[in-house]
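Some notes on the structure that comes next.
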Amino acid sequence: MATNSKVERHGDRSKVLEGSRVDLERERDEEDEGQERRGSVVDFGNNGGKQVLVTEVMDIEEMAWAPKYGLKGIIDASLRIRMVSDFGDSQETIVPLEFKSGKITSQTTTEHHAQVILYTLLMSERYLVKEIDAGLLYYLFTDETRGVKVQRSDLIGLIMRRNELASDLVKASTSRLLPPMLKNPMVCKSCRHLNSCTIYHKAYGGDQDTSGLGDLFDRNVGHLTTADIEFLKHWDHLIDLEAKTCRVASKEMRACRLGESSSSCLSPLVLDVTTGYPADGLLKNDRYVYHFIHQNGARCNREANNVDIRQPSKLQVGSFISSLKCGDFVIISTESGRPAIANGMICSISQRGVSVSLSKLLRLPGSYCTSETADLTREVWRIDKDEIASVYATMRFNLVELFFPRLQNSLLRKVIVGLEPPRFDSGVLVSQDPAVSYVRLEKSINDDQRRAIQKILSAKNYSLILGMPGTGKTSTMVHAVKALLMRGQSILLTSYTNSAVDNLLIKLKTQGIDFVRIGRLEVVHNDVHQHCFSATGASSLDDIRQRMEQVRVVGVTCLGIYHPLLVNKKFDVCIMDEAGQITLPVSLGPLMLASMFVLVGDHYQLPPLVQSPEAREKGMKVSLFCRLSEAHPQAIATLQCQYRMCSGIMELSNLLIYGNRLRCGSPEIADAKIKLSLAEPITAWIKEVLDPNKSVIFINTDNLLAFEMRENDGIHNPSECSIILEITRELLEREVPGDEIGVITPYNSQASLIQRVVNSSIEVHTIDKYQGRDKDCLIVSFVRASENAKACNSSILGDWHRINVALTRAKKKLIMVGSCGTLSRVPLLKLLIEKVNEQGGLLHISKKDFGAA
DNA sequence: ACTCTGCGAAGAGGA
Ligand SMILES: Nc1ncnc2c1ncn2[C@@H]1O[C@H](COP(=O)(O)OP(=O)(O)O)[C@@H](O)[C@H]1O
């Protein structure tokens with residue numbers, strides 16, 4: 001076999017493979033020129049030498065999974081070869097080729113053979129070919145090719161090993177039983193998992209004896225206290241519970257693999273090969289972009305006119321489009337039974353179709369070059385969201401890393417496990433620190449904000465900022481960053497969501513502050529693209545390294561901190577926005593990169609999303625921000641002055657949630673009213689609802705018998721939808737701009753119902769999605785209404801955090817629609833209705849007012 | 001009893 005003797009041993013792996021691919025192809029071409037193609041003799045060990053001729057390199061770094069065996073892997077190169085069989089005739093077969101750059105020892109030989117054997121299994125599944133029973137290993141170090149012939153007994157042995165491993169994993173997560181330690185200090189002392197391994201061993205009852213590691217064990221876990229171990233076990237258990245819900249979900253995906261389309265999948269699709277979308281992919285930024293359209297084009301383009309709001313099921317057309325979004329990782333399969341042909345990322349999606357970017361050409365495994373395009377266009381495709389479980393791995397890793405024997409981690413443990421209060425050095429505030437004088441003299445911030453920033457500047461371990469709705473959290477953080485920079489400190493800015501990170505960075509940008517944003521372009525806001533490396537294009541490795549060393553401010557999501565550019569990067573301060581919405585294990589990651597941290601959030605708004613009810617109940621919904629705020633209420637810097645709600649709207653959350661701690665930032669804000677143009681005479685109820693002097697309205701639907709309806713696990717309320725449609729029409733009629741009107745509701749199905757009927761300039765969302773946003777005029781649809789309603793306390797409406805979010809989104813006008821009868825069973829909502837009544841905003845509409853019911 | 005954001009990628013071998 002021809003080879004490249006100049007392969008760099010430490011070079012980029014894909015380059016090595018590309019190079020070899022060229023070599024393989026060159027070899028083929030050279031042989032073409034010769035009189036006959038014989039190939040070379042490859043040593044198959046006990047099976048002797050065989051003539052092997054590579055006829056095609058079909059793929060490199062090919063991802064293959066076989067759900068049937070519970071295995072997946074990435075095959076270095078997938079070859080079509082001609083090999084002389086035992087009977088002397090030459091046959092064409094498919095084989096995996098693995099590159100190995102290391103030395104050959106008996107240990108590695110066994111491992112390499114095992115790997116190749118498993119790859120033959122994966123390839124049989126992927127290529128729908130049963131007879132894949134051989135593979136190749138190529139050793140770059142010695143320029144030697146070895147053949148591997150699959151023995152049935154080896155295969156069975158490997159599958160059994162795989163099953164043992166899988167059962168160990170299950171045992172670990174369900175009964176907290178870990179496999180015994182290797183008890184081999186020589187091997188373990190240089191293992192990179194030594195820390196995690198010994199810590200877990202200790203946590204689950206192991207000791208120096210059972211570890212078999214002697215002193216090495218105690219050196220790694222000796223520092224752990226009983227409280228540390230309890231904390232680790234508790235959170236590890238919560239992560240297990242949460243991870244289980246995801247595993248169930250991925251099983252469901254596998255079950256519905258063919259035919260049926262679900263909400264997280266697009267199907268049936270065909271490849272769009274019309275102008276601008278070549279069948280062999282549009283090359284863009286080194287990625288291949290393919291465009292798929294619905295097989296029945298008409299369905300994709302269907303307009304949502306003349307919708308009957310009483311039959312929401314008819315509206316589900318195209319709803320799959322909303323569940324996948326730009327930047328999502330997806331898996332492409334065919335409906336003809338070939339799962340996971342390729343994986344990639346959505347780069348645009350609309351009613352008309354979806355574009356997916358792949359790192360390689362799209363190709364059906366085994367398809368011949370001559371018919372590739374035809375094969376692709378003939379297929380019916382499906383696209384599923386790729387549920388990567390790496391979130392749980394990250395959580396677990398963050399958690400165990402907290403207990404590593406490092407000074408910085410021990411300080412963090414004191415705060416997080418031991419609940420050490422924030423400590424401040426008040427001396428800083430009277431010093432010559434330029435940051436301090438900047439904050440003292442800055443005119444654009446109020447006193448609360450100033451105090452909060454001073455706390456940040458004088459904090460020794462951490463500080464907490466409670467930013468109630470509309471209180472200028474972002475402005476506070478921007479000035480804090482400015483001040484910290486004056487001191488020459490480096491800052492990590494983070495939050496769970498991309499939008500929260502970008503929101504902050506955009507404000508920094510307007511202040512002319514330099515920063516780097518780590519994250520994929522597809523999910524980063526346009527306005528910060530220039531701060532991402534991928535957008536700057538041709539920067540060399542050295543440029544990037546230099547930039548990372550020089551830049552003081554880095555923005556990244558909590559889960560993005562393991563990006564290669566951030567390894568070994570440390571910061572003076574970590575500022576975490578929306579910290580009340582981040583689960584503790586996730587928030588640990590960024591905190592471990594900094595010597596001091598600032599949590600900004602509002603634990604009176606929605607807690608982190610936890611899938612598993614059991615995990616939630618056992619405490620996973622308690623964010624670190626909430627944990628520390630409840631432990632040290634006196635140390636929180638509270639921003640009380642808000643610049644969003646007029647006084648009538650503010651009164652609601654002040655009474656129900658915030659214990660009157662909110663104040664309006666100015667008289668203008670307190671008295672703000674919507675402006676209505678004069679228009680035709682209106683009905684009495686509409687007139688009252690729109691009255692600009694009544695900032696809060698609650699429309700009680702009890703007289704309409706406007707009951708909730710259930711369909712496919714969703715709850716919706718058509719009557720409330722009709723009322724809201726009427727109100728939005730009247731608002732638009734009176735020249736309230738559509739983009740200053742919003743509608744929110746607890747339930748997705750109600751949101752999509754309303755979305756379909758109201759003017760498209762009006763934003764409609766669930767309450768959860770709307771956290772952090774605001775509008776001049778906001779309408780809330782509570783949905784729940786039934787005669788025999790049990791208390792909705794156990795429903796998502798029973799969560800007071802969600803109610804608080806709903807009540808604090810409107811600036812000038814808040815219109816709520818709901819059934820007093822049903823909602824009053826939730827104590828907080830009962831109080832709300834009483835308060836609105838006291839303000840004179842409660843309105844009971846009847847069938848007479850409203851004919852559409 | 002219905003709320004939904006994020007996340008890439010490999011392998012050998014030195015302390
Ligand atoms: N000290 C202040 N004085 C006047 N207006 C302010 C002040 N702080 C913030 N604001 C205003 O309040 C609004 C919300 O500010 P922002 O910092 O984005 O708040 P949040 O992050 O809490 O939503 C902005 O329009 C901003 O101009």
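Quantities reported herein were computed from a predicted structural model and do not represent experimental measurements. The sequence lines fix the lettering, A, B, ..., with proteins before strands; numbering per chain opens at 1.
Leu606(A) comes within 4.0 angstrom of nothing in the nucleic acid, heavy atoms only. Within the nucleic acid shown, Ile767(A) has no heavy atom closer than 4.0 Å to any nucleic acid atom. Residue-level contact check: Pro613(A) touches neither bases nor backbone, having no heavy atom under 4.0 Å from any strand. The residue Thr108(A) sits apart from the nucleic acid: no heavy atom pair falls under 4.0 Å. Looking at heavy-atom distances under 4.0 Å, Thr497(A) makes contact with sugar-phosphate atoms alone, never a base. Tyr562(A) comes within 4.0 angstrom of no nucleic acid atom, judged by non-hydrogen atoms across all strands. Backbone-only engagement by Thr766(A) is indicated by non-hydrogen atom pairs under 4.0 Å involving sugar-phosphate atoms exclusively.
Dashed line: the shortest gap from a side-chain N or O of Ser749(A) to OP1 or OP2 of dC2(B) is not under 4.0 Å. Here Ser794(A) reaches the OP1 or OP2 of dA1(B): one of its side-chain N or O atoms lies under 4.0 Å away. Between dC7(B) and Thr557(A), a contact under 4.0 Å exists linking OP1 or OP2 to a side-chain N or O. The side chain of Lys189(A) contributes no N or O atom lying less than 4.0 Å from OP1 or OP2 of dA15(B). Contact between the side-chain N/O atoms of Asn343(A) and the OP1/OP2 oxygens of dA9(B) is not found at any separation under 4.0 Å. At the phosphate of dT5(B), neither OP1 nor OP2 sits under 4.0 Å from any side-chain N or O atom of Ser499(A). Residue Asn748(A) places at least one side-chain N or O closer than 4.0 Å to OP1 or OP2 of dT3(B). An OP1 or OP2 oxygen of dT5(B) is reached within less than 4.0 angstrom by no side-chain nitrogen or oxygen of Tyr496(A). Taking side-chain N and O atoms only, Arg802(A) has no distance below 4.0 Å to OP1 or OP2 of dT3(B).
To the nearest angstrom, C1' of dG8(B) lies 9 Å from CD1 of Ile74(A). Distance, Arg616(A) CZ to dT3(B) P: 11 Å, rounded to whole Å. For the pair His563(A) NE2 and dG8(B) C1', the interatomic distance rounds to 10 Å; values are reported in whole Å. Residue Met709(A) contributes atom CE, which lies 17 Å from atom C1' of dC2(B) at whole-angstrom precision. Following rounding to the nearest Å, Ile75(A) (CD1) and dA10(B) (C1') show an atom-to-atom distance of 15 Å. For Leu140(A) and dG13(B), the CG to P distance is 11 Å, given to the nearest whole Å.
Considering only side-chain atoms of Lys769(A), the nucleotide from dA15(B), dT5(B), dC7(B) that sits closest is dT5(B). For Lys103(A), counting side-chain heavy atoms from C-beta on, the closest listed nucleotide (dG13(B), dC7(B), dC2(B)) is dG13(B). Listed candidates were dA12(B), dG6(B), dG11(B). Nearest to the side chain of His112(A) is dA12(B). Nearest nucleotide to the side chain of Asp768(A), out of dA9(B), dG8(B), dT3(B): dT3(B). Of the listed nucleotides (dG6(B), dC2(B), dG8(B)), dC2(B) has the atom at the smallest distance from the side chain of Arg784(A).
Taking each heavy atom of Gln605(A) and His801(A) in turn, the nearest pair found is O-CD2, 3.1 Å.
Because its NZ or CZ atom is not both nearer than 6.0 Å to the ring centre of Tyr138(A) and within 45° of the ring axis, Arg146(A) does not count as a cation-pi partner of that residue. Judged by the 6.0 Å distance and 45° axis criteria, Arg520(A) is positioned over the aromatic ring of Phe329(A).
Residues satisfying the ring-ring contact (aromatic ring centres under 6.0 Å, His included) criterion with Phe217(A), sequence neighbours excluded, are His201(A).
Taking 4.0 Å as the cut-off between side-chain N and carboxylate O, Asp236(A) and Arg396(A) count as a salt-bridged pair.
For dT5(B), the base has a donor-acceptor partner in the side chain of Gln611(A) [N/O atoms by modelled type, under 3.5 angstrom].
Aromatic ring pairs are classed by plane angle as parallel below 30°, tilted from 30° to 60° and perpendicular above 60°; the pair Phe404(A) and Phe397(A) is perpendicular.
In this structure, OG1 on Thr557(A) lies 5.5 Å from CG on Asn498(A), to the nearest 0.5 angstrom.
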